[in-house]
Amino acid sequence: MSSHPLDLSDSNVRTDAGIRLLAAMLGDDARPVELLAARCSSPEGAQWCTMVLQDLDPRPASCQAWQEVKDSAKGRMKVHSKVGSDDASAADHLRYCIAIAGALAQFGESISATQPANVQHMINLIGPLLPEPWNGVFKAASARMTALASS
Amino acid sequence: MEIYLKPLSTYCRAVGFGREFNTEPSDLVHGFFASRLANPNYLKEWMASGLRLRQWLRNGFNLYVKEMRRDRARTNRQSSDGGGNLGRLDTGDVESINQNRETEPDRLFERKWALNALESAIRVTRETLDRKGKSEDWALFWSHYIEGKPHNAIAGIANSSPAQVAQRCFGVTTILREALREVLLRDGAKEAEIIVEIRSMMEALHEFPST
């Protein structure tokens with residue numbers, strides 16, 4: 001076991017460790033998006049994200065495809081939350097977030113009933129933790145959010 | 001004020017104040033602290049402002065730099081014929097550069113502050129554990145929450161049951177949370193805002209944000 005303080009020289013390690021520490025401190029106040037951030041920033045987080053998203057097309061032909069990804073993930077989230085499978089719930093939540101960001105990025109459409117501030121928090125928090133091409137999708141979604149807010 | 005020194009120095013470097021005044025950013029920040037904290041009303045004014053202390057200090061630091069520019073321009077005018085125009089042009093140039101760069105230095109400042117706040121909370125937590133004779137609990141906590149090891153995997157190494165490991169990790173989390181809460185309260189957050197502050201810190205930590 002190691003007992004690192006937070007003064008690690010690699011700034012990406014600092015970021016990941018910091019996110020996990022803060023998620024731990026939120027405790028029962030952590031929302032699914034913060035738990036997902038902790039999962040994505042785990043030592044094998046990038047590998048896990050790639051595995052969860054491997055069958056998703058980052059540029060589907062229609063926005064309806066993103067809607068279907070979101071609805072499917074939402075349905076499974078309810079099932080997994082009942083059986084208490086944290087990792088499966090996190091995987092579903094990641095696909096749910098990807099669908100919302102993908103629809104925004106590619107079609108400029110909001111397919112979420114969530115408040116825009118919470119969508120922005122999700123994009124800001126999760127996007128930088130994802131490997132490409134998903135990181136780029138979240139950057140485009142963030143730009144769309146900014147454009148929508150100023151229009 | 002120690003917790004604000006590095007974030008302000010980072011901000012100073014990102015905006016270019018150090019280069020502008022040909023000095024180390026930390027020296028400029030120390031000068032700012034000496035200038036403002038000598039005034040007993042400075043922190044009273046902050047308390048009445050409703051701002052976080054870090055935001056109050058960052059704003060104050062920008063004002064301090066403007067005063068330094070004004071003093072420099074005045075010195076230039078006094079020391080050379082026609083130097084006043086040169087001084088004003090110089091100041092304007094720097095202002096326009098700063099406006100263009102405002103977002104990135106602000107973000108870097110918030111990131112550095114979040115890291116420093118965490119480091120401060122960690123230091124307090126480890127000191128508390130040392131005092132209680134529970135220094136080893138930090139390693140258990142780190143293995144579980146940061147390295148992602150399950151309680152039962154740690155239990156064998158720690159010579160404890162998984163339930164005991166979970167309990168010891170929870171104990172560290174409680175101390176750490178309280179330590180960070182104290183940092184945030186000292187910065188001006190209200191009790192009801194602590195959770196929102198922690199969520200904001202999670203976003204602020206990203207080196208390369210979405211936007």
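Keep in mind that what you see is a predicted model, and the values were worked out from it rather than measured. Quick note on labels: first sequence line is chain A, next is B, and so on, each numbered from 1.
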| Taking C-beta and beyond as the side chain, do L118(B) and M25(A) meet within less than 4.5 Å on heavy atoms? | yes
| Salt bridge present between E147(B) and R20(A) (N-O < 4.0 angstrom) | no
| Does atom CG of N159(B) have more than 12 heavy-atom neighbours from other groups under 6.0 Å away? | no
| Is atom CD of E193(B) surrounded by more than 12 heavy atoms (other residues, nucleotides or ligands) closer than 6.0 Å? | yes
| task | Give the C-alpha distance, both sets of side-chain angles, the deciding distance and a yes or no for side-chain contact (heavy atoms from CB on, under 4.5 Å) between L205(B) and L22(A). | result | CA-CA 10 Å; L205(B) 282 181; L22(A) 290 169; 3.7 Å; yes
| field | R177(B) vs D29(A), side-chain contact (heavy atoms from CB on, under 4.5 Å): CA-CA, chis, key distance, verdict | value | CA-CA 12 Å; R177(B) 184 176 166 130; D29(A) 291 310; 3.1 Å; yes
| Minimal non-hydrogen separation, M202(B) against L26(A), with atom names | SD-CD1, 3.9 Å
| Does M47(B) CE have over 12 foreign heavy atoms under 6.0 Å away? | no
| message | Counting only heavy atoms from other residues, nucleotides and ligands, does the tally under 6.0 Å from CZ of F170(B) exceed 12? | response | no
| said: Using 0.5 Å steps for rounding, measure from the OG1 atom of T15(A) to the CG atom of L115(B). | reply: 6.5 Å
| message | Less than 4.5 Å to any heavy atom of chain B: does that hold for the side chain of A37(A), its backbone, both, or neither? | response | side chain
| query | Near E44(A) CD, under 6.0 Å, is it more than 12 heavy atoms from other residues, nucleotides or ligands? | reply | yes
| Does any non-hydrogen side-chain atom of L180(B) lie less than 4.5 Å from one of L21(A)? | no
| Is atom CD of E132(A) surrounded by more than 12 heavy atoms (other residues, nucleotides or ligands) closer than 6.0 Å? | yes
| Which answer fits F141(B), side chain, backbone, both or neither, if we ask what part of it has an atom under 4.5 Å from a heavy atom of chain A? | side chain
| said: Testing the basics here: between R199(B) and H121(A), what is the closest heavy-atom pair and its distance to 0.1 Å? | reply: O-CE1, 3.7 Å
| Between M201(B), E178(B), E136(B), which has the largest tally of heavy atom pairs under 4.5 Å with chain A? | M201(B)
| Side chain of H206(B), backbone of L125(A): donor and acceptor closer than 3.5 Å? | yes
| task | Identify which part of A23(A) has an atom lying under 4.5 Å from any heavy atom of chain B, answering side chain, backbone, both or neither. | result | both
| message | Can you confirm whether Q167(B) is buried at CD, in the sense that more than 12 heavy atoms of other residues, nucleotides or ligands lie under 6.0 Å from that atom? | response | no
